[in-house]
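What follows is a set of notes on a single structure, which appears directly below.
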Amino acid sequence: MAGESPHGTVLDGGALEQAALDEAARDAASGTSGDTPGGTTTVTDSATEVEPGPGTGTDLEEDTGKPGEPGDSPAVDEPPAQEDEGRRGRAAGLWATVRRHPAFTVIITTAALLRLVAMIGYQPAMYFNDTFDYLHVATDPYPHPLRPDGYSFLLIGLKPFHSFALVALVQHLMGLGMGVMIYMLLRRRFTLPGWGAALAAAPVLLDGYQIQLEELVLSDTMFTFLVMCAVTLLLWHDRPTWKIAASVGLIIALAWLTRSVGMPVLLGVLAYMLVRRSGWRLMAVTLVACVLPILGYMGWYKAETGKFAITESNGIFLYSRVYKFADCHKVHDLPVEEYALCTERVNRLPNSQDGIWNQASPLNRYTGKRFSPENDRLANDYSKRVILSQPVDYARVVAHDFLKVFRWNRTVFPDEATYNQYEFRKVSKPLPDWNMGSGVTAADEANAYENGNARTRVVEPFAGLIRGYQDHVFLRGTMLAAVLAMGLAGMVPLWRRFGGVAFLPWTLAVGLLLAPAATAEFDYRYVLPAVPLAALAAGMTFSPEVRARFAALGRRVRRMGRIDGGPDRAAEDVTAEEGPAGVAAPDPAT
């Protein structure tokens, strides 16, 4: 037989095939293969195939193209299968999230697309007058006398990328993050329905002026984001731990070093912790965590300038507040050195900010730099004397600027040049050629930061789309008043607890609107940081606790109405509320 042929015997084609089949059968029976250890050899023709024996695994040569180890069970197909399964799982999870939050998904997707349109339409970013002071500090760090350097630290951190577009992207992500914080707080912490929480997040996500503010290289978006982070941390937990208290204090310190108005935020947070009875230990932790970075910054300021301070401009900005109404004839014992700050009514410039920035400002009557320690000291003392001598005039001008926030229409203020910087414009202005020292201009520093031409490029039709959007979609001042009133209404039933947890965002919102009116002058950019806080407080009005309090208050009012209506009225109310349907209640006199 062919299977018994001696070595060297030449087999014909049929014998060769039969020999191969016999050998494969023997290998299968012995569990070995002459070619592949631990594997099998499959020989096929048009009609015959030898199947692998038990325990021999699969055809490794077909799966891997190389010999396998004895007893191995190759799983070459498993990683792709697992990856596919993972992708399907992530897609299913994302779709499930969208189905759970449909309204918010639509709003935040729209908000992200609007910000993308703004970034494409205005490249690499947009600039404000203050931009170039922040940029100058980022170029050569030093404590700036007008405003703290917190925002400049962000620019320093992003400087290696040489991209203002990246700065704008980070700020747009902050804007989206604020919307997410509002939604998550109202949805998870205060159990509002999805559409209600999404509606509260809409103002910060969809406001055209908010989107434009995020496109500006300016500190306001970062400041608002930090304040919202601190508020979210505090409200997420009924009883904050010391770690949360320390984190809140540190975040407020960063906000304070971003804008000086962060100091009232600290006072508002401490007041909230006091009325919530968080305990003096947690309040102390928050205070210490906030004060330590501030003291460190003030130490740096003293090392550079010799003065232990954050800035040297508070007195000068306060002077701009009193400039509009100060009457030196009513100020008693005014020091002679401060006479230069007096201005007769007929000679006053139209706006409070003219008291600082206009060339005809009385501050320019002093020699040296306008923002010098001596000028700041004189302006601060003069302003306080004016306020104490004319408290009614001071209250009137503060109230006027505060109420200006709630006007329906925006007006050109304080002047056209400044107002235009809050708008998506059709044509970009050249970068300023202001001398920043050492023969370097503001344009030079901007181009160096960008490592190229930093001038804003207006790209149509994207720029036209976002311009038209900004013209029509924004939170009007009267709408903001309604939002604040809604938040206040939700605090009324909880008056014994100072309005409950809504006390924090509502008071901070009002404080951020009032602080510029009290210390400098109204400006539209100062309104926007209050919007997310006001919207959050308004959303809390519809939490189950507040709604239950309103329901209880309504029942109490109805009971009082029945008592005041006399016995006949009371019986009618009982019939209406408790009588069986369709059954007439007996006459109370029978």
Side-chain angles (χ1 to χ4, degrees), residues 97 100-101 104 174 176-194 196-198 200-201 204 223-256 262 264-293 487-488 490-491 493-512 529-549:
T97 301
R100 287 196 302 269
H101 311 282
F104 184 69
M174 289 179 180
L176 295 174
M178 288 187 280
V180 172
M181 284 186 273
I182 294 172
Y183 181 80
M184 294 301 294
L185 274 172
L186 295 178
R187 190 81 173 94
R188 298 290 181 86
R189 179 70 174 83
F190 300 102
T191 62
L192 263 67
V204 70
F223 170 78
T224 311
F225 177 76
L226 290 171
V227 173
M228 280 300 302
C229 287
V231 170
T232 300
L233 272 178
L234 273 179
L235 295 184
W236 196 261
H237 304 273
D238 283 327
R239 294 293 178 184
T241 64
W242 70 268
K243 293 181 180 179
I244 293 175
S247 299
V248 168
L250 181 60
I251 292 171
I252 295 173
L254 294 176
W256 189 347
V265 173
L266 173 64
L267 298 180
V269 166
L270 292 177
Y272 169 79
M273 297 179 74
L274 179 64
V275 300
R276 293 289 293 174
R277 300 179 181 177
S278 299
W280 66 268
R281 290 184 178 86
L282 289 180
M283 294 178 63
V285 168
T286 302
L287 182 62
V288 170
C290 179
V291 169
L292 287 179
L488 181 61
M491 296 168 62
L494 305 176
W495 65 272
R496 293 180 183 275
R497 290 187 284 138
F498 298 92
V501 291
F503 174 89
L504 178 61
W506 194 87
T507 54
L508 288 182
V510 174
L512 290 176
V531 171
L533 295 165
L536 178 60
M540 292 179 187
T541 300
F542 299 95
S543 65
E545 180 186 17
V546 176
R547 286 189 282 116
R549 291 299 183 96

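The figures here come from the full heavy-atom set of this structure, side chains too, leaving out hydrogens, waters and symmetry mates.
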Could you pull out the closest heavy-atom pair between [X] and [Y], with the gap in Å?
X: A253; Y: C290; value: CB-O, 3.4 Å
X: P529; Y: T224; value: CB-OG1, 3.3 Å
X: M228; Y: P532; value: SD-CB, 3.9 Å
X: F225; Y: M181; value: CE1-CE, 3.8 Å
X: L533; Y: A509; value: CB-CB, 3.9 Å
X: V227; Y: A255; value: CG2-CB, 4.3 Å

Residue pairs, two or more places apart or on separate chains, that pass side chain to side chain donor-acceptor pair (under 3.5 Å) and touch residues 533-545:
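Qualifying pairs, neighbours excluded: R497-E545.
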Pairs involving residues 236-250, ordered by first then second residue, that meet side chain to side chain donor-acceptor pair (under 3.5 Å) (sequence neighbours left out):
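For residues 236-250, and leaving out neighbouring residues, the side chain to side chain donor-acceptor pair (under 3.5 Å) pairs sorted by first residue read R189-D238.
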Between the main-chain N or O of P193 and the side-chain N or O of R187, is there a donor-acceptor pair closer than 3.5 Å?
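No.
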Which donor-acceptor pairs under 3.5 Å do side chains of residues 275-286 form with protein atoms, sequence neighbours excluded?
unit_1, atom_1, unit_2, atom_2, d
S278, OG, M273, O, 3.4
T286, OG1, A245, O, 3.3
T286, OG1, L282, O, 3.0

When the side chains of residues 499-508 are checked against the rest of the protein, which donor-acceptor pairs come out under 3.5 Å, sequence neighbours left out?
unit_1, atom_1, unit_2, atom_2, d
W506, NE1, L484, O, 2.8
T507, OG1, F503, O, 2.5
T507, OG1, L504, O, 3.2

How would you list all residue pairs meeting salt bridge (Lys or Arg N to Asp or Glu O under 4.0 Å) that involve residues 283-292, not counting sequence neighbours?
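Every candidate salt bridge (Lys or Arg N to Asp or Glu O under 4.0 Å) pair involving residues 283-292 fails, so no pair, neighbours aside, qualifies.
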Listed partners of F104 passing ring-ring contact (aromatic ring centres under 6.0 Å, His included), at least two apart:
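F104 satisfies ring-ring contact (aromatic ring centres under 6.0 Å, His included) with Y183 only.
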Output the distance between atom [atom1] ([X]) and atom [atom2] ([Y]), rounded to the nearest 0.5 Å.
X: I251; Y: T232; atom1: CD1; atom2: OG1; value: 9.0 Å
X: L267; Y: L274; atom1: CG; atom2: CG; value: 12.0 Å
X: I244; Y: L234; atom1: CD1; atom2: CG; value: 8.0 Å

List the steps and the verdict of side-chain contact (heavy atoms from CB on, under 4.5 Å) for Y272 and V231.
CA-CA 10 Å; Y272 169 79; V231 170; over 6 Å; no
Does the side chain of L226 reach to within under 4.5 Å of the side chain of V265, using non-hydrogen atoms?
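When only atoms from C-beta onward are counted, V265 and L226 do not touch, as no gap falls below 4.5 Å.
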